[in-house]
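Reading through the structure tokens given below for one structure.
It should be emphasised that the depicted structure is a prediction, and the values quoted were computed from it without experimental measurement. Chain letters run A, B, ... following the sequence lines, proteins first and then strands; every chain starts at 1.
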Amino acid sequence: MACQGLQKGETLESLKRESETLKKKLEEERNKLNDVELHQVAEKVEVLSALSIKTRRVLKGHGNKVLCMDWCKDKRRMVSSSQDGKVIVWDAFTLNKEHGVPLPCTWVLACAYAPLSGLDNKCSVIPLSLDKNENLAAKKKSVAMHTNYVSGCSFTNSDMQLLTSSGDGTCALWDVESGQLLQSFHGHTADVLSLDLAPSETGNTFVSGGCDMKANVWDMRSGQNIQSFESHESDINCVKYYPSGDAFASASDDATCRFYDLRADREVAVYQKDSIIFGASTCDFSLSGRLLFAGYNDYTINVWDVLKGTRATILFGHENRVSRVRVSPDGTALGSASWDSTLRVSWSFSTGSNYIFRFIKLLFWVNSRLVLEFTVAF
Amino acid sequence: MTINTLAKGGCHREQMACFRKMEKVIVAMQDPDMGMKMRNQRLLITVIPHAMTGHDIITWLTHKYRISEEEALHLGNMLVKYGYIYPLKEPRCLVLRPDESPYRFQTPYFWTSTRWPASELDYAIYLAKKNIRKQGELMEYEKERYSLLHKRINHTWDFVVMQAREQLRASKQRRKADRIVLECQEQAYWLINRPPPGVNNVLDTGLERPNNFSCRVTLNSDYYKREIEACRKALGRNRVKSSICLEGFLKYSEQYLNHDPIMQGCLPSNPWISDDTAHWTMNAEIVPVPTRLRVERWSFSFTELLNDAMGRKEFMTYLEKEFSAENLYFWQACEDIRHGENSKIVEKVEDVYKNFLAPGAARWVNIDSKTMDKTLEGIKRPHRFVMDDAQMHIYFLMKKDSYPRYLKSDLYKNMLAKAIVPQETKKSVFPFMRRQRHSSPSPAQTATQAAEEEGLAKGAGANSAAGSHF
């Protein structure tokens, strides 16, 4: 990019100082409207009853680290990509593998239900068909080209456009059919590691997070950086919108997840605990946005109460880093992918309160009828 | 394309942060007042001072961080995996056992972060020492690595052997207890920095990330000018008071609580728990009668209604009755332009103009003159977003006017009344009678892996039978 050059009286130092002063002023402005904290507002909300989330499906088949996974719209199929260079489509419900596509590149970093992107700087779209005999790899189509690795990708509202984030510090919007670059987004100063599309009415914005510790919100039409948040202390590995589109969460190597409100224009919650030492690599919300699932580099998944800021529960089971967590489209299950080469599907058994009510109702009935029957929860 | 797993010259930033945090924990554990109580441990006939049991470690972590024992075990295990604590019994197995097994703190000299990255030369000296000390003490994989190193750094091999001999001589002059301790410490260090084949390499961080000092983008005057511009714009933006915004999250989560299966379960049952796909069948994209929850959701917001295929169809039916269906058709056509193929934009814009905007059009939409003029101007050079303003206008028209009236209409009320409320399936009393799920063999799998899977699936089945709780 050609440098505009300094105006009279400007030096690099003076520009840098001006930028820093303005940033400080921006922080002050943001704080002026900060009249209450999220956990304070959330005091009147009922405490979550004990969550009982268990892992009951383990999907084995990859030969190496599973780097990414995504759910299909049919709520039961998943696609996963691995360092072994394969992309597998699973029916997670029956544990059947439906497609296995070998790829020329071994680090397939991102897959959304169809496009795949990786360290060969390309993003490919593979059409999936029900015909098992088709050679799917041959139908692969190269769409995006960055000058460095592609870390994340997402279809926009149709499968005609693709948004990608890259190690070259930019994000880009592509037309799938022609492979043409429609818009590029500059503003990050280091690798962009993740992006997410806003579920808003106008559907025109997305958020990205990167190694420069910044989370930026972009206008897809103009390529402008609308909002920027810089409160993490290390690389941001994952960003995800709150279901209403008014906020987003980020997971970072500084072992915290943070929650940013777009209308208040600031960070409103930090999810952290002394005993959580390792970085968070991925996060996703439950359907109502009350829970935030975050996968960490210490092989665990912590479940956070978004409103109260406390940790609801912790899931063990993976034997290596958790690279991706995703709640299924209808919110019934949680899928997680890990470097231990497996994928796991977990879900919540009815929360304790339901059974306590049932049990109490049962007791009253028992007292009046003197008959015994057990309802066993599992 | 090769992957560099070691950063150029610098150290892994992420790893260093974790090491520092773990070291803080370790230092706290050794605090004379609040730290752990140590004792002497017997190892065969030698007494080793300053040791602790696995159980002690877990108890201390449980109290210090106010966490469950399971989590304390997991955290302690990480400390062992990263070499800050090493086991005295079975030293090659870096696992924390929650019993009386003895453990010791690793000396800071051998912390991975202190001597980073582990040098080939040091490894060669270590293996040479082992080899000289006792013939045949090297394990198979160590022998292989030893000969590989011998080939690779042959030119310094004399130095390696000399160092090894010197270190062995020095250690002979120590007390036996100290000697054993040093050997244990050194072994633990190398188990982590040069793990045996088949063991997870905890130091593997995957993809290379740049270190702090090399930016992908040059911090020149252009960059700062852009930052300044962005800051100025940001300063001018409208912000909403926290007390107002944050209420929004409470309302949203409460409204959707019953729709969140992880929080409240779902009817008739969660297919993943009951193996019954009725919930999915009942909520398929198009069904004869939708569920009550689904119809209720249409009233949460206009987007919810439009995003649901059935909801959108119902709304269309309502608009037809009101003779304003052209609005929804127009909106859909605009969406198609926005998200469709690049090559079809021109023809689609033409169609939209003919059908919706041209005077006397079959489905003429009522847009204010300012927006209409702007759109007509834009159509002369059609692009993906040329219809945005008009689309937005019609969208908000429907949202403010037709949508609220739809929710009050008989059409919607009837839909709500005849919507299904599924019966909750009674859970089986004998959970272990449910079908076990076995994974299908992978296209690229060997027979042994398939057999392993079978074994694990059966194990999982046994687990779910055993785990019954309120």
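- S243(B) and D35(A) form a side-chain donor-acceptor contact under 3.5 Å, judged by distance and modelled atom types alone.
- Options A230(B), P271(B), G248(B) differ in how many heavy-atom pairs under 4.5 Å they form with chain A, and the most are formed by P271(B).
- Residues Y299(A) and V202(B) share a closest heavy-atom pair of OH-CG1, 3.9 Å.
- Contact annotation for Q40(A): neither backbone nor side-chain heavy atoms come within less than 4.5 Å of a heavy atom of chain B.
- For chain B, the nearby part of K44(A) is the side chain; its heavy atoms alone come within less than 4.5 Å.
- Contact between G279(A) and C18(B) at its shortest, heavy atoms only, is N-SG, 4.4 Å.
- The backbone N or O of D175(A) lies less than 3.5 Å from no partner atom in the side chain of N342(B), so there is not a single donor-acceptor pair.
- Under 3.5 Å, the side chains of R66(B) and S275(A) contain no donor-acceptor pair of N or O atoms.
- The parts of I226(A) that come within reach of chain B are both its backbone and its side chain, each placing non-hydrogen atoms under 4.5 angstrom from that chain.
- Classification of D388(B) and R221(A) as a salt-bridged pair holds, one side-chain N sitting under 4.0 Å from a carboxylate O.
- Options E227(B), E71(B), K233(B), K81(B) differ in how many heavy-atom pairs under 4.5 Å they form with chain A, and the most are formed by E71(B).
- Both the backbone and the side chain of A234(B) come within contact range of chain A, judged by heavy atoms closer than 4.5 Å.
- The aromatic rings of F278(A) and Y82(B) sit tilted relative to each other, their planes meeting at an angle between 30° and 60°.
- Contacts between I67(B) and chain A at a heavy-atom distance below 4.5 Å involve the side chain alone, from C-beta outward.
- Salt bridge E285(B)/K73(A): absent, no basic N to carboxylate O contact under 4.0 Å.
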For D275(B) and R57(A), run salt bridge (Lys or Arg N to Asp or Glu O under 4.0 Å): C-alpha distance rounded to whole Å, both residues' side-chain angles, the deciding distance at 0.1 Å, then the answer.
-> CA-CA 12 Å; D275(B) 276 354; R57(A) 300 266 156 93; 3.3 Å; yes

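- For a residue to count as touching a neighbouring chain, one of its non-hydrogen atoms must lie under 4.5 Å from one of that chain's; by this rule C266(B) touches chain A with the side chain only.
- Residues I262(B) and G331(A) approach most closely at CG1-O, 3.3 Å, considering heavy atoms.
- H383(B) does not touch chain A: none of its heavy atoms, backbone or side chain, sits under 4.5 Å away.
- The part of V45(A) that comes within reach of chain B is its side chain, from C-beta onward, which places non-hydrogen atoms under 4.5 angstrom from that chain.
- Shown here is K16(A), whose NZ atom has no more than 12 heavy atoms of other residues, nucleotides or ligands within 6.0 Å.
- If you measure heavy-atom distances from R321(A) to chain B, the contacts under 4.5 Å come from the side chain alone.
- Between H74(B) and F316(A), the ring-plane angle classifies as tilted under the 30° and 60° cut-offs.
- For the set A333(A), G187(A), G289(A), the entry with the most heavy-atom pairs within less than 4.5 Å of chain B is A333(A).
- In this structure, the salt bridge (Lys or Arg N to Asp or Glu O under 4.0 Å) partners of R30(A), at least two apart in sequence or on a different chain, are E27(A), D265(A).
- With a 4.5 Å cut-off on non-hydrogen atoms, L26(A) touches chain B through its backbone and its side chain both.
- In this structure, chain B has a heavy atom under 4.5 Å from the backbone of E319(A), while its side chain stays farther away.
- Ranking P199(A), P243(A), S328(A), S323(A) against chain B, the residue ahead of the rest is P243(A), based on heavy-atom pairs under 4.5 Å.
- Distance OG1/T332(A) to CD1/I273(B): 9.5 Å, rounded to 0.5 Å.
- Looking at N200(B) and W339(A), their side chains never bring a donor and an acceptor atom within 3.5 Å of each other.
- Heavy-atom distances place both the backbone and the side chain of K241(B) under 4.5 Å from chain A.
- Of the atoms belonging to S343(B), heavy atoms from both backbone and side chain fall under 4.5 Å from chain A.
- Heavy-atom neighbours of K64(B) NZ from other residues, nucleotides or ligands within 6.0 Å: at or below the threshold of 12.
- Residues S286(A) and Y256(B) bring no donor and acceptor atom of their side chains to less than 3.5 Å of each other.
- With a threshold of 4.5 angstrom between heavy atoms, F19(B) does not approach chain A through any atom at all.
- For V345(A), the part sitting under 4.5 Å from any heavy atom of chain B is the side chain, from C-beta outward, and nothing else.
- Residue L246(B) holds its CG atom at 8.5 Å from CZ of R263(A), rounded to the nearest 0.5 Å.
- Note on E29(A) versus R237(B): no salt bridge recorded, every NZ/NE/NH1/NH2 to OD/OE distance being 4.0 Å or above.
- Residues V41(A) and E247(B) approach most closely at CG1-OE2, 3.6 Å, considering heavy atoms.
- Of all heavy-atom pairs between S242(B) and N34(A), the closest is OG-CA, 3.5 Å.
- Within the 4.5 angstrom heavy-atom criterion, only side-chain atoms of L75(B), from C-beta onward, approach chain A.
- For E254(B), the salt bridge (Lys or Arg N to Asp or Glu O under 4.0 Å) criterion is met by no residue, not counting sequence neighbours.
- Contacts between D274(A) and chain B at a heavy-atom distance below 4.5 Å involve backbone atoms as well as side-chain atoms.
- Neither the backbone nor the side chain of K24(B) comes within contact range of chain A, judged by heavy atoms closer than 4.5 Å.
- The contact between K399(B) and chain A is made entirely by side chain atoms (from C-beta outward), counting heavy-atom distances below 4.5 Å.
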Run the numbers on R232(B) and E18(A) for salt bridge (Lys or Arg N to Asp or Glu O under 4.0 Å), then give the verdict.
-> CA-CA 11 Å; R232(B) 289 225 174 92; E18(A) 190 183 348; 2.7 Å; yes

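- Note that the OG atom of S348(A) and the CG atom of N270(B) stand 7.5 Å from one another [nearest 0.5 Å].
- Under the 3.5 Å distance criterion, with hydrogens and angles disregarded, a donor-acceptor pair is assigned to the side chains of R338(B) and N204(A).
- Looking at L38(A), the atoms closer than 4.5 Å to chain B (heavy atoms on both sides) sit in the backbone and in the side chain alike.
- Rounding to the nearest 0.5 Å places OG of S244(A) at 12.0 Å from NZ of K251(B).
- Annotation: the span from M263(B) atom CE to L48(A) atom CG amounts to 4.5 Å, rounded to 0.5 Å.
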Derivation of the side-chain contact (heavy atoms from CB on, under 4.5 Å) call for Q161(A) and R384(B) | CA-CA 12 Å; Q161(A) 287 176 293; R384(B) 182 174 297 274; 3.3 Å; yes

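- For Q255(B), no part sits under 4.5 Å from any heavy atom of chain A, backbone or side chain.
- Heavy atoms of N297(A) lying under 4.5 Å from chain B belong exclusively to its side chain.
- Residue M22(B) touches chain A through both its backbone and its side chain, counting heavy-atom pairs closer than 4.5 Å.
- Of the atoms belonging to D336(B), not a single heavy atom falls under 4.5 Å from chain A.
- One distance of note links NZ of K225(B) with CG of L15(A); it measures 6.0 Å at 0.5 Å rounding.
- The two atoms that bring C231(B) and L22(A) nearest to each other are CB-CB, 3.8 Å, heavy atoms only.
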